[in-house]
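What follows is a set of notes on a single structure, which appears directly below.
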4 protein chains.
Amino acid sequence: MKRQQILDAAYTVFSRKGYHRATVDEIIALADTGKGTVYNYFVNKEQLFYTLVKERSSKFEAELNAIASLHELPLSKIKMAIKVFLEFYVANADLWRVLMYEMRGLGHEDSSFTEAQRKKYRERFVHTIGILENILQEGIEQGAIRPCDVHKAAHGLFSVIVMMVFQGFVGEQQDSIETAANSIADIFLYGVAER
Amino acid sequence: MKRQQILDAAYTVFSRKGYHRATVDEIIALADTGKGTVYNYFVNKEQLFYTLVKERSSKFEAELNAIASLHELPLSKIKMAIKVFLEFYVANADLWRVLMYEMRGLGHEDSSFTEAQRKKYRERFVHTIGILENILQEGIEQGAIRPCDVHKAAHGLFSVIVMMVFQGFVGEQQDSIETAANSIADIFLYGVAER
Amino acid sequence: MKRQQILDAAYTVFSRKGYHRATVDEIIALADTGKGTVYNYFVNKEQLFYTLVKERSSKFEAELNAIASLHELPLSKIKMAIKVFLEFYVANADLWRVLMYEMRGLGHEDSSFTEAQRKKYRERFVHTIGILENILQEGIEQGAIRPCDVHKAAHGLFSVIVMMVFQGFVGEQQDSIETAANSIADIFLYGVAER
Amino acid sequence: MKRQQILDAAYTVFSRKGYHRATVDEIIALADTGKGTVYNYFVNKEQLFYTLVKERSSKFEAELNAIASLHELPLSKIKMAIKVFLEFYVANADLWRVLMYEMRGLGHEDSSFTEAQRKKYRERFVHTIGILENILQEGIEQGAIRPCDVHKAAHGLFSVIVMMVFQGFVGEQQDSIETAANSIADIFLYGVAER
DNA sequence: CATGAATGAGAGTTCATTCAT
DNA sequence: GATGAATGAACTCTCATTCAT
């Protein structure tokens, strides 16, 4: 019970402050618990953060996998995937902003996290974006998508989704998400140019 | 002269470590100067960071403004703008990653920076993305671009550009930038779907 | 039964880590019991340590008393006493190193232990060394030992015994102890000078 | 100047409390300085302690080396060495008690210090006791000392010296030291047995 | 009796900032 | 203008002890 209180509080504080500026003191104040309790459940601040990410990710990753396995048309799958991404990022915008920053994209020298931890995080991203890649690849094979660099294209799509969320262009309501998903899919698939 | 040494060193250290993990001690070690000297030129760490951003931005913003004012076809202007963006972000990837993170996109309560400072940063972004918007708007008016939400479209284009840089998909060489600019423009304009 | 498990574990951990670095967590892990159980049997860490010392001391003190009461020649008694000391300290080297340190020899202001506890420990030492003194005194009265300050001489003998153990000059085997006892007695009685 | 104040305060606090119980807070209170200042001069608590030991040792070691090099009779040298040892340990009793404890004599698993640091300390001890060994060896070669295990004999002599100090049998006055040195030398050389 | 979740005082350490020289 | 010694608030983490079950 305390464990969950701590996780909830940590989620809030990490989201608000980022990893570095978040303090254990603030987390325990919000969780209404003692400092030692945090360290009974989590080895350290870093692992507390990781637990948060892991717990929030797993459902999302499962949903995404499910979509990839469906027998649907690629274009339809893409739209579904975009929607699932939006739902997840809308719900976890702040924490994932922090996570993405702390990972530093590539192999950067300094970060709050150990290299081992960073690798774990990166694998999660690579995995989810990889699913987008697979769908695109499938689309190319079926002639629905133009041949292109699916790795970059998937990253592009991903970056747009995340930006829409981070910029607050998408709200929490289902219809807001749906509308956004349609816009994103439309431009991603057909571009902005007039024919 | 000392001032410039400090700025150069600060650029390196902030880029490597991020805002929080960067220490004044490391900056002065690299700048080969004394700690007090930093505080003679800059009121504090935050303002040192801001100065850095301001100095690096201005040339870029000028270039972008120039493109916007050209008498060229919108599609051509878009490609040019993409190139200028890429050039700038490739050169300043690490510092801008830090900056974008610390700004926290919207009106978030806590950050390393004061609200006043954050507003200044945001205005810079709004301004550069605004130029993209204007070009798109011009394109719509001239019938080259499909009617769409230019605000969001510009942000989408921007996010893809930045992602390409942060993911290391674009190198520092001119031709790498040119190739990337073409790919981005191609998909942004015509989408990935087969016709 | 739990009580004995705790004592055994505590002995091991205190010996390995010293008083301060030993943690109750480590003790209960080794004793395979719960944290509360420790506090059912012992009022606190300090008293647990004391119990350990008391239990291990009593047999040794009894043996030493027995030797003192024998009707033997003083020189012979001295050798026997040295052997008993060696046996005891070899068996309890690590814990007694910790104990001797935490006592701080004299009336020092600060220690891990309360003054009352420290007094108890000191009395045990004074008592065992006192037996050595008595044997020496007996030797002087019988003309086997040169008149000298028996208090200091007994401490000197004691310190050499302990040093031999702490420096690892004496092993656990009976013959190693016997050899060491002979060397110590030889030099203590006759000195290192050539005649 | 602050550096010296910190060293003096640290000396007092480490001597009184031992390494673990000594706190940086107490040291700075006594040194009348700020916490950060300590870390400007010393990397950490461990290195502060080491600096203390190093500074206090060097004069003593030099004196001891000087005696070893004298052209004097071995027995005379032994007495001189004993005196120098007593002077040093009387002056530094408390800190050296702490040091000797934290070293844990041999290769013990856990200690406050890193293995590397422990090795440095041990070398200092080995060195000073080694000088005693050399003097004894010289004595044997010149026929003044009975053939014996000089390594152990030197350790025995050392342990007695230290014990005399730790037990408060020796005061700070020169004559107290002289008297003690004579008693120690007398028994070490000629034993306690009557002839 | 046995347990272990909960606790918080207190530890060592970092680092932006000040100010006398 | 240039300096760096001095500072202390703030940080993460430890661990003996309590107490409800």
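Values below: every heavy atom of this structure, side chains too, minus hydrogens, waters and symmetry copies. To find a chain, count down the sequence lines: A is the first, B the second, and so on, and within it residues start at 1.
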**Earlier contact from the 5' end, DNA chain F, for A:Y19 and C:Y19** =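 Result of the comparison: A:Y19.
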**Request:** Quick one: look up who F:dA20 pairs with, Watson-Crick or G-U, both distances under 3.5 Å, and put none if it's unpaired.
**Result:**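 Paired with E:dT3.
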**Asked** If pairing requires Watson-Crick or G-U wobble contacts with both distances under 3.5 Å, which nucleotide is the partner of E:dT14?
**Response**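 Across any shown strand, E:dT14 pairs with F:dA9.
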**Request:** Could you say whether B:K45 or D:N44 is positioned toward the 5' end of DNA chain E, judged by the nucleotide with the nearest heavy atom to each?
**Result:**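 Whichever sits nearer the 5' end wins; that is D:N44.
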**Request:** Please figure out whether C:K2 or D:V24 has its closest DNA chain E nucleotide nearer the 5' end.
**Result:**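 The residue closer to the strand's 5' end, by nearest nucleotide, is C:K2.
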**Request:** Would you jot down, in residue-number order, the residues of residues 30-41 of chain B having a non-hydrogen atom under 4.0 Å from DNA chain F?
**Result:**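 Under 4.0 Å from DNA chain F: B:T33, B:G34, B:K35, B:G36, B:T37, B:N40, B:Y41.
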**Asked** Are the ring centres of A:F113 and A:Y50 closer than 6.0 Å?
**Response**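 Centroid separation for A:F113 and A:Y50: 6.0 Å or greater.
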Could you state the atom-to-atom distance from [atom1] of [X] to [atom2] of [N] in whole Å?
| X | N | atom1 | atom2 | result |
| --- | --- | --- | --- | --- |
| C:I28 | E:dG4 | CD1 | C1' | 8 Å |
| D:Q4 | F:dA5 | CD | P | 16 Å |
| A:R21 | F:dT12 | CZ | C1' | 17 Å |
| C:E46 | F:dC15 | CD | P | 18 Å |
| D:M1 | F:dG4 | CE | P | 19 Å |
| D:E26 | E:dA9 | CD | P | 19 Å |
| C:H20 | F:dA16 | NE2 | P | 9 Å |
| D:F42 | E:dG12 | CZ | C1' | 16 Å |

Could you check whether any side-chain heavy atom of [X] comes within less than 4.5 Å of a side-chain heavy atom of [Y], counting everything from C-beta outward?
| X | Y | value |
| --- | --- | --- |
| B:N92 | B:Y11 | yes |
| B:L99 | B:F14 | no |
| B:H20 | A:Y19 | no |

**Item:** Non-hydrogen atoms of B:Q47 and B:F42 that approach each other most closely
**Value:**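 Looking at all heavy atoms of both residues, the closest pair is OE1-CA, 3.2 Å.
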**Message:** Parallel, tilted or perpendicular, judged at 30° and 60°: which one describes the rings of D:Y89 and D:W96?
**Reply:**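 Answer is perpendicular, since the angle exceeds 60°.
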**Prompt:** Of D:K35, D:R21, D:K17, which meets salt bridge (charged side-chain N to carboxylate O under 4.0 Å, His left out) against D:E26?
**Reply:**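 Exactly one option meets the salt bridge (charged side-chain N to carboxylate O under 4.0 Å, His left out) with D:E26, and it is D:K17.
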**Request:** Scan A:D25 against the nucleic acid and name what it touches under 4.0 Å (heavy atoms): base, sugar-phosphate only, or nothing.
**Result:**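 Answer is base: heavy atoms of A:D25 come under 4.0 Å of a base.
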